[in-house]
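Please read the structure below before turning to the comments.
Naming convention: chains lettered A, B, ... in sequence-line order (proteins, then strands); numbering from 1 in each chain. No hydrogens, no waters, no symmetry mates; every other heavy atom, side chains included, goes into these values.
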There are 2 protein chains.
Amino acid sequence: MEGDRNPQHPDVHTLTLQQVLEALVDPVRRSIVTRLHEARTDLKCGSFDLPVGKSTATHHFRILREAGLIRQYYAGTARMNALRYAEIDEVFPGLLGAVIAADRAASSRLAPA
Amino acid sequence: MEGDRNPQHPDVHTLTLQQVLEALVDPVRRSIVTRLHEARTDLKCGSFDLPVGKSTATHHFRILREAGLIRQYYAGTARMNALRYAEIDEVFPGLLGAVIAADRAASSRLAPA
DNA sequence: ATCAAAGTTTGACCGACGTCGTACTTCGTG
DNA sequence: CACGAAGTACGACGTCGGTCAAACTTTGAT
């Protein structure tokens, strides 16, 4: 069975601003969200090239999932991640967009084209 | 002289998203920002009725000031606080408004009229 | 059947942050 | 001048969050 491998995702209406901000305040997690938004596609955990070990990466993905920012599901051995942009924007209008825009600006300032 | 009592305020263009988010992630500080925005007026530190001691309150006001979110100045013995809304919104468009709106919604849900 | 790839889980560590109490400073007022 | 009000400065303390390494699980491929 594949029940245990499909983790729980919180309903959007149960999310708190506190949780969302705590998730977005970490630079690593914010880079995941921004990257996911730029890609416009679901991405596997491995494709992020994060500056931390695997176990730490797992930790960050769980924080994001529990905050309601991403949805996770398995495709073979790879765990896919989808940004729950529209759902979040429904509950916290403009928030995610503003953070992502600001993060993109900051990143491009650090790593210019 | 009154030089030492007028603290430094960072230029808006030196602010980082990281600093701003770190400032806004604390509930006490967020309540200060939200209150300041609702009041549409500068407020003295004492008028916030925060659930922490005086020294902790001073700490929070400093974090907000160094993040560029508020401007502080003295009026007699009282220290006044002004929200730098327009300046912040210029650098991080929509961010502060979205956070405040979400925070107001959360607060009204906890303490209904 | 074996093996490697991809994540997870667990436990430990450490530095940072929020908190407090106390002492101190500065200003207005009786 | 003396006193109280309003904050600030300084340590100290406890907790929580990000980090890692090592062992484990599950899946796909050989």
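In this structure, A:Leu43 atom CG and C:dG7 atom P are separated by 11 Å, rounded to whole Å. Atom CZ in A:Arg65 sits roughly 13 Å away from atom C1' in C:dT9 (whole-Å rounding). Between the CZ atom of A:Phe61 and the P atom of C:dG7 there is a distance of 8 Å, given to the nearest Å. A straight line from CZ of A:Phe48 to C1' of C:dG7 spans 14 Å, rounded to a whole angstrom. Rounded to an integer number of Å, the gap from B:Asn6 CG to D:dG7 C1' is 14 Å. Atom pair A:Arg62:CZ and C:dT10:C1' shows a separation of 11 Å (rounding to whole Å applied). Atoms CG (B:Asp49) and P (D:dG7) sit 13 Å apart, rounded to a whole Å.
Checked by atom type and distance alone, the side chain of B:Arg29 pairs as donor or acceptor with a backbone atom of B:Glu22 at under 3.5 Å. A distance-only check finds a donor-acceptor pair linking the side chain of A:Gln19 to the backbone of A:Glu66 [under 3.5 Å].
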Using nucleotides 17-22 of chain D, report all nitrogen or oxygen pairs with the protein that are shorter than 3.5 Å.
residue: D:dG18; atom: OP1; partner: A:Arg29; partner atom: NH1; Å: 3.3
residue: D:dG18; atom: OP1; partner: A:Arg29; partner atom: NH2; Å: 2.7
residue: D:dG18; atom: OP2; partner: A:Arg29; partner atom: NH1; Å: 3.4
residue: D:dG18; atom: OP2; partner: A:His59; partner atom: NE2; Å: 3.2
residue: D:dT19; atom: OP2; partner: A:His60; partner atom: NE2; Å: 2.4
residue: D:dC20; atom: OP2; partner: A:Gly53; partner atom: N; Å: 2.8
residue: D:dC20; atom: OP2; partner: A:Thr56; partner atom: OG1; Å: 3.2
residue: D:dA21; atom: N6; partner: A:Ser55; partner atom: OG; Å: 2.9

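Here the side chains of B:Ile88 and B:Leu15 are in contact, with some heavy-atom distance below 4.5 Å. At a threshold of 4.5 Å between non-hydrogen side-chain atoms, the residues A:Ile32 and A:Leu43 do not count as touching. In this structure, A:Leu50 and A:Phe61 have side chains that are in contact, with non-hydrogen atoms separated by less than 4.5 Å.
Rounding to the nearest 0.5 Å gives a distance of 9.5 Å between OG of B:Ser55 and NE2 of B:His60.
For A:Thr77, no side-chain nitrogen or oxygen approaches OP1 or OP2 of C:dA6 to under 4.0 Å.
With C:dA6, D:dT8, D:dG7 as the choices, the nucleotide that has an atom nearest any side-chain atom of B:Lys44 turns out to be D:dG7.
Among the protein residues, B:Tyr74 comes within range of the sugar-phosphate backbone only, with heavy atoms under 4.0 Å from sugar or phosphate atoms but none that close to a base.
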